[in-house]
Visitor: 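A single structure is presented below for examination.
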Protein chains: 2
Amino acid sequence: MESSDLKKAGLKATLPRIKILNFLESSGRDRHMSAEDVYKAMLESGEEVGLATVYRVLTQFESAGLVTRHNFEGDHSVFELNDGEHHDHILCVKCGRVEEFVDEVIEQRQHAIAKENGFAMTDHALYIYGVCGDCQKK
Amino acid sequence: MESSDLKKAGLKATLPRIKILNFLESSGRDRHMSAEDVYKAMLESGEEVGLATVYRVLTQFESAGLVTRHNFEGDHSVFELNDGEHHDHILCVKCGRVEEFVDEVIEQRQHAIAKENGFAMTDHALYIYGVCGDCQKK
DNA sequence: GTTTGAATGAGAATCTTTCGCATTTAGACC
DNA sequence: GGTCTAAATGCGAAAGATTCTCATTCAAAC
């Protein structure tokens, strides 16, 4: 399963790449991880990988469409395994929690706006920041 | 005018802060500048400021609501002088050109989505990426 | 003018990310 | 299975952005 995904993506099925992909697939708890997060978590679970390789592989995965890179934290990128369906994000500025949502109205308006401005839209990023229900109670 | 703006924002009217604010106000050409951009441009026009101060002051301006920080370039922040009216951005991935737009439908949907998810919305960022008209011709 | 806490400047330090290069490995071919 | 070659890896160095430290300077209150 793993190596065929990689081959499909045009990537040689090397051990580090398989390990990182498996790791991303198995860590459903936090789907948004930085390169450093992935690196540390893998070391902790006994997997040997170099940090530079994690960066390289995640960037390759991004180009191959296997993961999406987000910059909603400003100072570093986080990566999310693609599940096929596009979605946007709403983030809690207090606890860092991330929720996902899809809104067809917004999707359509975005396309319309790109068109109106003469742009051929390639991508888009929508982040809503706020205080989540739990943090409002605190 | 300058120093009163700063005082209103709760900032002491120091020379570097006045200079940076003036500079941002006068440089209409490119409204989206990194700290380094501001620093270099000020040096070139003969203004003496330290880079660390530019970073500090821009961050203070952000907290005070005088400027908005954007991370649409991934690896560094750019700042934009606030003109009171909120707007979103559409960027050309080829030439880096940035256009601004406002869309009431999207604004409203965002509020609704935050509510649906139990969030008290504080902010939001929408970036549409694409190829602008000029770059499509090339 | 004097005072004083805040702001600045310059460079060191930190953090994230990339690069360079010697070593290893996946995959093709025998 | 063994051999080959280009591609991938790992490590440390390097780069770029940003923050920190701390001695010096400055704004504004008296």
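Any value given below was found using the heavy atoms of this structure, including those in side chains, with hydrogens, waters and symmetry copies removed. Here is the naming used below: chain letters follow the sequence lines, and residue numbers restart at 1 for every chain.
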Visitor: Within this structure, what is the CG-to-C1' distance between A:Leu58 and C:dT18, rounded to whole angstrom?
Guide: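 Checked: the CG to C1' distance equals 14 Å.
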Visitor: Look at the aromatic rings of B:His32 and B:His89 and report parallel, tilted or perpendicular, splitting at 30° and 60°.
Guide: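 Aromatic pair B:His32/B:His89 classed perpendicular.
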Visitor: Return the value, rounded to whole Å, for the distance between atom CG of A:Leu51 and atom C1' of C:dT18.
Guide: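 Rounded to the whole Å, the gap is 10 Å.
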Visitor: Output yes when A:Arg97 and A:Glu99 qualify as a salt bridge under the 4.0 Å nitrogen-oxygen rule, no when they do not.
Guide: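 Salt bridge between A:Arg97 and A:Glu99, a charged N being under 4.0 Å from a carboxylate O: yes.
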Visitor: Any idea which of D:dG12, D:dA8, C:dA10 is nearest the B:Ala52 side chain?
Guide: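 Selected nucleotide (nearest to the side chain): C:dA10.
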Visitor: Would you say B:Glu48 has more than 12 foreign heavy atoms packed within less than 6.0 Å of its CD?
Guide: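 No - once you tally the heavy atoms of other residues, nucleotides and ligands closer than 6.0 Å, there are 12 at most.
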Visitor: Atom CE of A:Met42 to atom P of D:dT9: distance rounded to whole Å?
Guide: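 Rounding to the nearest Å, CE of A:Met42 and P of D:dT9 are 12 Å apart.
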Visitor: Under 4.0 Å, counting only non-hydrogen atoms across every strand here, what does B:Ser34 touch: a base, just sugar-phosphate, or nothing?
Guide: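 Counting heavy atoms under 4.0 Å across all strands, no contact is made by B:Ser34.
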Visitor: Quick one: A:His76 NE2 to D:dA15 P, roughly how many Å, whole number?
Guide: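 Taking NE2 of A:His76 and P of D:dA15, I get 24 Å after rounding.
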Visitor: Please confirm whether the backbone N or O of A:Thr59 pairs with a side-chain atom of A:Arg69, one donor and one acceptor, at under 3.5 Å?
Guide: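 No; zero donor-acceptor contacts below 3.5 Å.
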Visitor: How do B:Asp75 and A:Val54 order along DNA chain D: which one's closest nucleotide is nearer the 5' end?
Guide: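 First, find each residue's nearest nucleotide; the 5'-ward one identifies A:Val54.
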Visitor: Give the rounded distance in Å between these two atoms: CG of A:Leu6 and P of D:dA8.
Guide: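 That distance rounds to 11 Å.
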Visitor: Does A:Tyr55 put a side-chain nitrogen or oxygen below 4.0 Å from OP1 or OP2 of C:dT18?
Guide: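 For A:Tyr55, the contact criterion (side-chain N or O under 4.0 Å from OP1 or OP2 of C:dT18) is not met.
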Visitor: Any sub-3.5 Å donor-acceptor pair from A:Ser34's side-chain atoms to A:Ser77's backbone N or O?
Guide: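 It does not hold such a pair.
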Visitor: Output the residues of residues 60-67 of chain B in contact with DNA chain D, where contact means a heavy atom of the residue under 4.0 Å from an atom of the strand; sort by number or write none.
Guide: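 By residue number: none to list.
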Visitor: Would you find a donor on one side and an acceptor on the other, under 3.5 Å apart, between the side chain of A:Thr53 and the backbone of A:Val49?
Guide: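 Between the backbone of A:Val49 and the side chain of A:Thr53 there is no qualifying donor-acceptor contact (under 3.5 Å).
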Visitor: Does A:Ser77 place a side-chain N or O at less than 4.0 Å from the phosphate oxygens OP1/OP2 of C:dT17?
Guide: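 For C:dT17, OP1 or OP2 has a side-chain N or O of A:Ser77 closer than 4.0 Å.
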Visitor: Encode nucleotides 25-30 of chain D as B, S and - characters from 5' to 3', where the letter depends on protein heavy atoms closer than 4.0 Å: B to the base, S only to sugar-phosphate, - to neither.
Guide: --SS--
Visitor: Ring centres under 6.0 Å, that's the criterion: do A:His86 and A:His124 meet it?
Guide: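 Here the rings of A:His124 and A:His86 have centres that are less than 6.0 Å from each other.
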Visitor: Provide, to the nearest angstrom, the distance between the CD atom belonging to B:Glu48 and the C1' atom belonging to C:dA10.
Guide: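 Spelled out: CD on B:Glu48 to C1' on C:dA10 is 12 Å.
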Visitor: Please state how far atom OH in B:Tyr39 lies from atom C1' in D:dA17, giving the value in whole angstrom units.
Guide: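 Checked: the OH to C1' distance equals 14 Å.
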Visitor: Under 4.0 Å, counting only non-hydrogen atoms across every strand here, what does B:Arg56 touch: a base, just sugar-phosphate, or nothing?
Guide: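 Base contact - B:Arg56 has a heavy atom under 4.0 Å of at least one base atom.
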Visitor: Please answer whether the main-chain N or O of B:Gly65 pairs with a side-chain N or O of B:Asn82 as donor and acceptor at a distance below 3.5 Å.
Guide: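 Yes, because the side chain of B:Asn82 sits within donor-acceptor range (under 3.5 Å) of the backbone of B:Gly65.
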Visitor: Any donor-acceptor pair under 3.5 Å linking the side chain of A:Gln136 with the backbone of B:Gly118?
Guide: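 Checked: pair present.
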Visitor: To the nearest Å, how far apart are A:Glu47 CD and D:dT9 C1'?
Guide: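 About 15 Å, once rounded to whole Å.
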